[in-house]
Amino acid sequence: QVQLVESGGGLVQPGGSLRLSCAASGIGFSLYVMTWYRQAPGKQRELVASIGTGGSTNYADSVKGRFTISRDNAKNTVYLQMNSLKPKDTAVYYCNAHRVVVLNSRREYDYWGQGTQVTVSS
């Protein structure tokens, strides 16, 4: 059974920091691209940051220079360090694991966590 369990969300003041964690089980974690998404009320889910199997990273323009994604394959965990938080960062943050395998046919594996709430407010 595949599980992605996020933690670390909460209420923080503007300018503060939070570190989100996503612990994976039931998958070959090191083989998956790991991505953090977020969804604010009334808005579409958007990509925040992703990290490839080799450690390459990608960030949304809105978080570049403030957020850092990292992974620990030994712990099957991906992290999102969020600094200089702004009220517009308020959202539910979701962890995603994605893998595409192409052999005789193409298979796609896609898993989501349940989300963790981040609220930035004074």
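Taken to the nearest 0.5 Å, the NZ atom of Lys88 stands 8.0 Å off from the CZ atom of Arg38. The distance from atom OG of Ser105 to atom CG of Leu103, rounded to the nearest 0.5 Å, is 7.0 Å. Separating the CG atom in Leu80 from the OG atom in Ser70 is a distance of 8.5 Å, to the nearest 0.5 Å. The CD1 atom of Ile69 sits 9.5 Å away from the SG atom of Cys22 when rounded to the nearest 0.5 Å. Atom CG of Asn96 and atom CG of Leu4 lie 7.5 Å apart (nearest 0.5 Å). Distance OG/Ser84 to CZ/Arg66: 7.0 Å, rounded to 0.5 Å.
When hydrophobic side chains of Ile, Leu, Val, Met, Phe, Trp and Tyr are connected at separations under 4.5 Å, Tyr79 ends up as a singleton with no cluster partners. Counting side-chain heavy-atom gaps under 4.5 Å among Ile, Leu, Val, Met, Phe, Trp and Tyr, the cluster of Tyr94 also holds Tyr37, Leu47, Val92, Trp112.
Residues Ser56 and Ile51 form no side-chain contact, since every pair of their non-hydrogen atoms from C-beta on lies 4.5 Å or further apart. Side chains of Met34 and Cys95 form a contact here, defined as non-hydrogen atoms less than 4.5 Å apart. Side-chain contact between Gln114 and Glu6 is present, with at least one heavy-atom pair separated by less than 4.5 Å.
Cluster annotation: Val101 and Val2 are assigned to the same hydrophobic cluster (Ile/Leu/Val/Met/Phe/Trp/Tyr, side-chain heavy-atom contacts under 4.5 Å, transitive). Note: the hydrophobic cluster containing Val48 also contains Val12 (ILVMFWY, side chain heavy atoms under 4.5 Å, direct or indirect links).
Applying the side chain to side chain donor-acceptor pair (under 3.5 Å) rule to Gln13 yields no partners; only residues at least two apart in sequence or on another chain are considered. For Thr119, the side chain to side chain donor-acceptor pair (under 3.5 Å) criterion is met by Gln117, not counting sequence neighbours. Evaluation of the salt bridge (charged side-chain N to carboxylate O under 4.0 Å, His left out) rule for Arg99 yields no partner, not counting sequence neighbours. For Lys64, the side chain to side chain contact (heavy atoms under 4.5 Å, CB included) test picks out Tyr59, Asp61, with sequence neighbours left out.
Smallest separation of non-hydrogen atoms from Gln39 and Lys43: NE2-O, 3.1 Å. For Pro14 against Ser121, the heavy-atom pair with the smallest separation is CD-C, 3.6 Å. When all heavy atoms of Phe29 and Val78 are compared, the pair lying nearest together is CZ-N, 3.9 Å. Across Thr53 and Ser30, no two heavy atoms sit closer than the pair CG2-O, 3.3 Å. The shortest non-hydrogen separation linking Leu20 to Trp36 is CB-CH2, 3.7 Å.
Listed for the Thr77 side chain is a donor-acceptor partner under 3.5 Å among the backbone atoms of Lys75. Side chain of Thr116 to main chain of Gly9: a donor-acceptor pair is present (N/O by atom type, distance under 3.5 Å, no hydrogens or angles). Under the 3.5 Å distance criterion, the side-chain polar atoms of Arg71 are matched with a main-chain donor or acceptor of Gly52. Checked by atom type and distance alone, the side chain of Thr90 pairs as donor or acceptor with a backbone atom of Val120 at under 3.5 Å.
Under the 30°/60° scheme for interplanar angles, the aromatic rings of Tyr109 and Tyr32 are found to stand perpendicular.
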Derivation and outcome, side-chain hydrogen bond (donor to acceptor under 3.5 Å, both in side chains), residues Ser17 and Asn83:
CA-CA 4 Å; Ser17 298; Asn83 299 328; 2.9 Å; yes
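For CD of Gln44, the number of neighbouring non-hydrogen atoms (other residues, nucleotides, ligands) closer than 6.0 Å is 12 at most.
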